[in-house]
Amino acid sequence: KIQKLIDVMKAFQNLIKVNEVVDYRACATSAMRDAANGKEVVERIRKEAGIQIELIDGKTEADILYSNHITQHLDKDHSYLYIDIGGGSTELTLFSEGKTIASGVRLEAQELDGRLVIHNYGHGGSGITMSWGCSLAVTRILLGRIEETTKNHKPLLAIGSGGNINKLFKLSGKKLNKMISTEKLKSLYALLESYTYEERVKVLGLKTDRADVIIPASKILLTVLKKAGIENMIVPQTGLADGIILQLYRNRKWPEKLNQ
């Protein structure tokens, strides 16, 4: 797997040369950040492929996501819970009045013994870390933190991003920039759960990796929406990559304003 990743990075390096790219930024998030050999892999890629990868933390990831300024086009009377669900983890960021209120809550998109299992690597400085097999009571404590953090920021809407949410949005038949309700997401979850893994691939046309993670990812999404008391979600279909591109553009066009 490491060698395949290096080969892919070499291919990107060739594309960078052929297209005479003037600037790029390569970021690795939760999977690489948590891997025991993550730094070793990053160094090998630097040496063998000539691409420097940044291991960014949750706060940096939230800052990049927010650089899209999605909320500036939305109702200022609302607060927004940004929910980014990837293949292995979920990042939550609370925005209110154009500012980041809380970030760094991370949920693992997996289940253990039929129970939602959550890791938290810092929520407003709480420093709680939950390991696999944590008690249901501890899990409830963390979910309670979501309720506590969002209770004074109502009305609250969700902004969803990531492959799993984008796929759910596509399955819903909704048009771009239209909200999807929690009730609709519940019906989609029930539909997905009614199919076997093979049927999700053959009947619904999901890719094999997506068909595997979309069930627990949907469960996490619905759990967060319920605990935060959110009835609707906006899916702008933008994410980390869009934020990175926007930052690179701004750095080239207005370098003096980069840190303002």
Side-chain angles (χ1 to χ4, degrees), residues 1-71 82-95 99-109 119-125 127 129 159-166 209 213 236-260:
K1 293 293 183 180
I2 294 174
Q3 189 56 54
K4 285 184 178 180
L5 179 57
I6 292 172
D7 290 341
V8 169
M9 291 299 104
K10 287 180 178 178
F12 273 115
Q13 182 62 272
N14 287 330
L15 288 170
I16 287 171
K17 291 178 180 177
V18 169
N19 290 284
E20 299 179 348
V21 172
V22 296
D23 202 358
Y24 76 90
R25 186 178 183 185
C27 297
T29 56
S30 62
M32 184 80 81
R33 190 167 60 229
D34 296 342
N37 61 347
K39 292 182 179 179
E40 173 191 332
V41 174
V42 168
E43 181 60 18
R44 280 193 59 184
I45 290 172
R46 186 188 67 80
K47 289 181 177 179
E48 298 180 38
I51 289 181
Q52 182 63 57
I53 293 178
E54 298 175 54
L55 287 171
I56 61 173
D57 56 25
K59 183 182 183 303
T60 302
E61 188 170 354
D63 290 343
I64 294 173
L65 286 168
Y66 184 67
S67 70
N68 283 313
H69 289 297
I70 294 171
T71 56
Y82 197 109
I83 308 172
D84 182 60
I85 301 183
S89 70
T90 297
E91 300 283 347
L92 304 180
T93 305
L94 178 63
F95 298 112
K99 298 178 181 179
T100 302
I101 305 300
S103 64
V105 178
R106 182 171 161 226
L107 315 180
E108 293 293 337
H119 285 186
N120 179 28
Y121 292 89
H123 177 85
T129 300
I159 301 174
S161 73
N164 290 299
I165 289 180
N166 287 338
D209 56 344
V213 301
Q237 295 188 307
T238 59
L240 189 67
D242 302 278
I244 290 172
I245 292 170
L246 187 57
Q247 285 188 348
L248 288 173
Y249 170 75
R250 286 175 175 163
N251 189 26
R252 284 281 165 176
K253 191 172 181 64
W254 305 294
E256 71 282 358
K257 296 184 179 181
L258 184 63
N259 297 314
Q260 293 183 8

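The chain is numbered in sequence order, starting from 1. Just so it is clear, the values below take in all heavy atoms, side chains as well, and ignore hydrogens, waters and symmetry mates.
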Roughly how far, to the nearest 0.5 Å, is the [atom2] atom of [Y] from the [atom1] atom of [X]?
| X | Y | atom1 | atom2 | value |
| --- | --- | --- | --- | --- |
| I53 | L5 | CD1 | CG | 6.0 Å |
| L15 | Q13 | CG | CD | 9.5 Å |
| N251 | L246 | CG | CG | 11.5 Å |

Qualifying residues under side-chain hydrogen bond (donor to acceptor under 3.5 Å, both in side chains), relative to [X], sequence neighbours excluded:
| X | value |
| --- | --- |
| E54 | R25 |
| E43 | R46 |
| R44 | Q3, E48 |

Stepwise side-chain contact (heavy atoms from CB on, under 4.5 Å) test for D84 and L240: CA-CA 9 Å; D84 182 60; L240 189 67; over 6 Å; no
Looking only at heavy atoms, which two atoms of [X] and [Y] are closest? And how far apart?
| X | Y | value |
| --- | --- | --- |
| I51 | M9 | CD1-O, 3.3 Å |
| I6 | I45 | CG1-CG1, 4.0 Å |
| P236 | G160 | CD-O, 3.5 Å |

Test log, rule side-chain contact (heavy atoms from CB on, under 4.5 Å), inputs V8 and K4: CA-CA 6 Å; V8 169; K4 285 184 178 180; 5.6 Å; no
Donor-acceptor contact present, side-chain R33 to main-chain I56, <3.5 Å: yes
